[in-house]
Novice: 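Below: one structure in structure tokens.
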Amino acid sequence: MADYDYDLFVIGAGSGGVRASRIAASHGARVAVAEEYRIGGTCVIRGCVPKKMLVYGSHFAEELQDAANYGWTVEGMKFDWAVLRDTVLRDVTRIETAYTATLSNNQVEQYLERATITGPHGVKLASGKEFTAKLILIATGAWPVMPDFPGNEHCITSNEVFHLPEFPKRVVVQGAGYIAMEFAGIFNALGSRVTVINRSDVILRGYDEQLRDRLLQITMARGIEYKFNCPITKVEKQEDGSLLVHAGKLDPIPADVVLIATGRKPNVAGLGLESAGIELGAKGEIPVDKHGRTSTESVFAIGDVTDRIQLTPVAIREGQAFADTQFGGNPHTVDYECVPSAVFSQPPLAAVGLTEGEARNAYGNVKVYSSDFRPMRNVFAERHERGLYKLVVDANTDRILGIHMIGPDSPEILQAAAIAVKAGLKKSDFDATIALHPSMAEELVLMR
Ligand SMILES: Cc1cc2nc3c(=O)[nH]c(=O)nc-3n(C[C@H](O)[C@H](O)[C@H](O)COP(=O)(O)OP(=O)(O)OC[C@H]3O[C@@H](n4cnc5c(N)ncnc54)[C@H](O)[C@@H]3O)c2cc1C
């Protein structure tokens with residue numbers, strides 16, 4: 001081991017890389033990590049965290065509007081994008097500093113530059129420094145896909161959206177996955193005119209169909225326009241700096257910002273994988289075994305670059321399992337069953353386990369319980385939006401196979417309910433639990 005500069009060299013200090021570095025170092029390994037942008041990675045710097053802060057910021061529009069029915073008069077209401085943007089960016093820097101300190105406190109050597117692989121045990125930094133390591137961990141994440149059409153250089157992705165110099169009055173979003181739906185919701189709530197353009201007529205593929213329909217209805221009623229089956233073909237920059245979006249046979253749509261959110265591909269370009277004989281999968285991902293090992297014995301990969309489940313808590317679990325297994329004498333793997341997920345759209349949507357369709361395919365005999373209700377806070381605010389919760393149950397065993405929810409705070413409620421699904425609890429266990437009243441979550445134990 002002494003022949004190598006480090007026991008572990010990690011490429012990428014995002015959700016997975018930071019966890020793996022810190023834990024491996026705490027197990028006594030000599031660890032270095034290279035980061036080409038900012039410590040914290042996508043989630044902290046330009047993903048989950050700043051996105052959620054924008055969601056919080058945009059909710060005030062609705063809450064201030066609803067406040068009148070609760071007796072509040074708010075005069076001179078006005079929104080300032082620069083204040084929200086700068087508050088978010090400041091907090092991102094605060095978290096980045098905290099992550100950096102955690103790595104330093106754990107004696108993880110940090111190199112703030114790009115790294116490439118030069119062989120099964122070799123890493124080279126952009127500055128030209130070269131190191132050897134017993135193990136190399138690739139945790140380089142994923143990168144937004146930019147479709148190829150004339151004028152795509154005028155469009156932005158989620159990487160840039162947090163830095164907009166001006167608040168856009170007109171936003172076109174291409175895509176209908178979770179990132180597209182979240183930003184459509186944020187800008188719509190903040191007062192932009194939002195048009196979502198998608199190449200198919202399906203939003204949020206993979207989520208329960210009834211919930212997706214409900215989100216579509218509510219967001220259309222809130223003013224988001226959808227243009228389906230027509231991907232963008234061209235974007236032109238006008239003399240006044242604004243954009244003109246051409247899509248299918250639609251009349252050109254004027255916009256101030258065109259946000260492309262059509263997926264994220266594994267970040268492997270120019271990484272030097274071939275020098276270590278690492279093979280790629282069909283979607284450009286790095287295939288790994290259950291311990292994160294690539295086709296090369298000494299090189300491992302975790303997180304989005306492996307394109308399994310592209311979520312922060314999954315990357316963190318993979319980093320932890322890798323470090324414990326390789327350096328902590330505690331081999332274990334990640335269990336990918338029942339990973340909860342949410343879409344912070346407005347209203348938000350959350351799910352764990354099988355959808356009704358998946359359960360019917362896998363189990364045949366399935367019972368579905370649902371509650372379609374108007375949350376009390378919407379009633380008071382004279383808001384007509386309804387929540388929808390669904391329990392998907394194996395009719396033979398009574399076991400809950402999936403929970404699907406759309407409505408205020410559904411991600412907060414679902415995280416607790418996901419424990420029950422993961423633990424294999426039955427519908428009768430939910431029925432035996434007395435409701436907590438008045439709450440939205442009580443619907444979960446009142447479905448008959
Ligand atoms: C807009 C948006 C919203 C999201 N919201 C959520 C959410 O609400 N919940 C959730 O769970 N997930 C969310 N995600 C996904 C989440 O951010 C990722 O799943 C997670 O960050 C993956 O972690 P990772 O460690 O694999 O990669 P990352 O966190 O992406 O880290 C990879 C790091 O590697 C660095 N890097 C790449 N190549 C090199 C190189 N050659 N040398 C040095 N450094 C390199 C990058 O700069 C980056 O910092 C969101 C993502 C986006 C884009």
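Just so we're clear, the structure is a prediction, and the values are computed from it rather than from any experiment. Whatever order the structure lists them in is the order used to number ligands and atoms, beginning at 1.
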Novice: Taking atom 48 (C) of ligand 1 as the point of reference, which of Arg38, Arg308, Glu35, Arg114 owns the nearest heavy atom?
Specialist: Glu35
Novice: When you check the gap from the basic side-chain N to the acidic O, do Arg308 and Glu318 get nearer than 4.0 Å?
Specialist: yes
Novice: Just checking Met220: does its CE atom have more than 12 heavy atoms from other residues, nucleotides or ligands closer to it than 6.0 angstrom?
Specialist: no
Novice: Could you tell me whether Val314 approaches ligand 1 through its side chain, its backbone, both or neither, with non-hydrogen atoms closer than 4.0 Å?
Specialist: neither
Novice: Would you say Lys52 contacts ligand 1, with heavy atoms under 4.0 Å as the rule?
Specialist: no
Novice: Which residue and non-hydrogen atom of the protein lie closest to atom 27 (O) of ligand 1, and at what distance in Å?
Specialist: Gly141 CA, 3.3 Å
Novice: If you measure from each heavy atom of Glu182 to ligand 1, is any distance below 4.0 Å?
Specialist: no
Novice: How far is atom 16 (C) of ligand 1 from the closest protein heavy atom, and which atom is that?
Specialist: Thr312 OG1, 3.4 Å
Novice: When you look for heavy atoms under 4.0 Å from ligand 1, do you find them on the side chain of Ile11, its backbone, both, or neither?
Specialist: side chain
Novice: Who's the nearest protein heavy-atom neighbour of atom 34 (O) of ligand 1, and how far?
Specialist: Gly12 CA, 3.2 Å
Novice: Looking only at protein heavy atoms, which one is nearest to atom 42 (N) of ligand 1, and how far off is it?
Specialist: Ala115 N, 2.9 Å
Novice: Give me the nearest non-hydrogen protein atom to atom 25 (O) of ligand 1 as residue plus atom name, then the distance to 0.1 Å.
Specialist: Gly16 N, 2.8 Å
Novice: What protein heavy atom sits nearest atom 45 (C) of ligand 1, and how far off is it?
Specialist: Glu36 CG, 3.6 Å
Novice: Do Asp5 and Arg30 meet the salt-bridge criterion of a basic N to acidic O distance under 4.0 Å?
Specialist: no
Novice: Test your reading of the structure: does Thr42 have an N or O sitting under 3.5 Å from an N or O of ligand 1?
Specialist: yes
Novice: For atom 2 (C) of ligand 1, which protein heavy atom lies nearest, and how many Å away is it?
Specialist: Gly47 CA, 3.4 Å
Novice: Using atom types as modelled and distance alone, determine if a side-chain donor or acceptor of Thr233 lies under 3.5 Å from a backbone N or O of His246.
Specialist: yes
